[in-house]
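What follows is a single structure, written as structure tokens, with notes after it.
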There are 2 protein chains.
Amino acid sequence: MQDHPQHLTTNKPDMGSPSHGAAGAGLLFLREEEFRTAQDMLFFAMRDLTNAPDALLAELGFGRAHHRCLHWVGRRPDMKVGDLLDILAITKQSLARVLGPLIEQGYVLQVKGKSDRRQRLLTLSEKGVALERKLFEIQRERLAAAYREAGGPAVDGFRRVLRGMTREQGRKYLDDMEAVRAKGSRSPV
Amino acid sequence: MQDHPQHLTTNKPDMGSPSHGAAGAGLLFLREEEFRTAQDMLFFAMRDLTNAPDALLAELGFGRAHHRCLHWVGRRPDMKVGDLLDILAITKQSLARVLGPLIEQGYVLQVKGKSDRRQRLLTLSEKGVALERKLFEIQRERLAAAYREAGGPAVDGFRRVLRGMTREQGRKYLDDMEAVRAKGSRSPV
DNA sequence: GCTTATAAGTCAGTATTTATGACTTAGATG
DNA sequence: CATCTAAGTCATAAATACTGACTTATAAGC
């Protein structure tokens, strides 16, 4: 076990939202139910969010893997291929099949790193920026509706929990991107 | 005066969490950045959550599709095959390839509906319940850690946003399951 | 300079998940 | 009885991912 021995009842009851009645009797049940509900909601939310851009992608002969690729190259311009592999957590071959067409069709550009010329730093071309933006807008509509409906404080909680679900490697990227945003400088990955 | 185009700033600024400084100059940028960060976090959170049970599934020759199936059959016992198709939003053939082995190997049971005997109502066997529970516990660990770290109010916000991201069809299921929970009665789908 | 290590690209072969479309069987329903 | 519906099935194909081996170019240590 890890540092959090949370088998069933011994946990701190610190996450109870007041939205359930019935305290006392089924406390354990309610706690389990809360997590199952979270699974349900994550499933539905992701299903509906990822379905949204599919039509546009399909028109171009692309799929979700291409979208992920465009998203991350857009997020971290001049990213190394190896870093993209780390983020996507797929194999080099899987990436090649996706990245190849994006490069051939001029959505993604490669430039040799100047400090290390083995590296192929990835950026979006104008065409790539345009496509990524279209895809982004589609998902943003869904997210914006959700944010509006849920309200500001909820959004903060949303982010806190998502961050909590993310392992160290992902958190480093998130922190790094926030640092880039704050300081305007690109920090090492 | 301002160097940012005015037509882009006319949105309602009602979801701003106070976690960013720098108001005024890059308001539009911050609002877009918020959604992009949400995409990042959803990607990482789902990547790490879905990776967690993969090893156990792989031991049994199953994949994530089998997990989804077990999850939903466990969530809504006596569910019709057609309802499962609606939830998973896949084709009958895709489901068959996943559901078939689960039935053959005794994880999922079928019983004919008594009001309509064309229906095959799905439930988990004891074996299925046991497997689903193991898978659940793995994901619960991640979720529990996240909930603990984020705190109770954050969890409520998390749920509110996820619900906001979900389309009508999914919301109906969520509402229905809450109703089942509250009243103990199974309501129609 | 030579050796070793690294970044990226590539090839061959395979597995998984999903899709489309056509069809069958059983049972409900008018 | 005719028709609709729930489920299961077959054939085919696409997208996404995997393993393992190999090449090329470049960097870095000795």
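So you know, we letter chains A, B, ... as the sequences are listed, proteins then strands, and number each from 1.
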Rounded distance (nearest 0.5 Å) linking atom NE2 of A:His67 with atom CG of A:Leu102: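 Spacing of NE2 (A:His67) from CG (A:Leu102) equals 11.0 Å.
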Strictly distance-based, threshold 3.5 Å: is any side-chain N or O of [X] a donor or acceptor partner for the main-chain N or O of [Y]?
| X | Y | result |
| --- | --- | --- |
| B:Arg163 | A:Met41 | no |
| A:Arg142 | B:Met165 | yes |
| A:Lys127 | A:Gln105 | yes |

Any residue of residues 48-73 of chain B with a heavy atom less than 4.0 Å from an atom of DNA chain D: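 None, since no heavy atom is under 4.0 Å.
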DNA chain C contacts made by residues 89-111 of chain B, counting heavy atoms under 4.0 Å: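 When residues 89-111 of chain B is checked for heavy atoms under 4.0 Å from DNA chain C, the hits, listed by number, are B:Ala89, B:Ile90, B:Thr91, B:Gln93, B:Ser94, B:Arg97.
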Under the side chain to side chain donor-acceptor pair (under 3.5 Å) test, residues paired with A:Arg36 that sit two or more places apart: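 Applying side chain to side chain donor-acceptor pair (under 3.5 Å) to A:Arg36 gives A:Glu32, B:Glu132.
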hydrophobic_cluster_shared for A:Trp72 and A:Leu109, side chain cutoff 4.5 Å: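 No.
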side-chain contact (heavy atoms from CB on, under 4.5 Å) involving B:Gln93 - partner list, sequence neighbours excluded: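 B:Gln93 satisfies side-chain contact (heavy atoms from CB on, under 4.5 Å) with B:Thr91 only.
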A:Phe136 and B:Phe35 aromatic ring geometry - parallel, tilted or perpendicular at 30°/60° bounds: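 B:Phe35 and A:Phe136: tilted rings.
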May I have the distance from [X] (atom [atom1]) to [N] (atom [atom2]), rounded to whole angstrom?
| X | N | atom1 | atom2 | value |
| --- | --- | --- | --- | --- |
| A:Leu121 | C:dA8 | CG | P | 8 Å |
| B:Arg47 | D:dT16 | CZ | C1' | 17 Å |
| B:Gln119 | C:dG27 | CD | C1' | 11 Å |
| A:Lys80 | C:dG9 | NZ | C1' | 17 Å |

Per-nucleotide protein contact string for nucleotides 25-30 of chain D (B base, S sugar-phosphate only, - none; heavy atom under 4.0 Å): BBS---
From CA spacing to verdict: salt bridge (charged side-chain N to carboxylate O under 4.0 Å, His left out), A:Arg133, A:Glu137: CA-CA 6 Å; A:Arg133 172 151 294 279; A:Glu137 295 296 344; 2.8 Å; yes
ring-ring contact (aromatic ring centres under 6.0 Å, His included) contacts touching residues 74-111 of chain B (sequence neighbours left out):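 Found B:Phe62-B:Tyr107.
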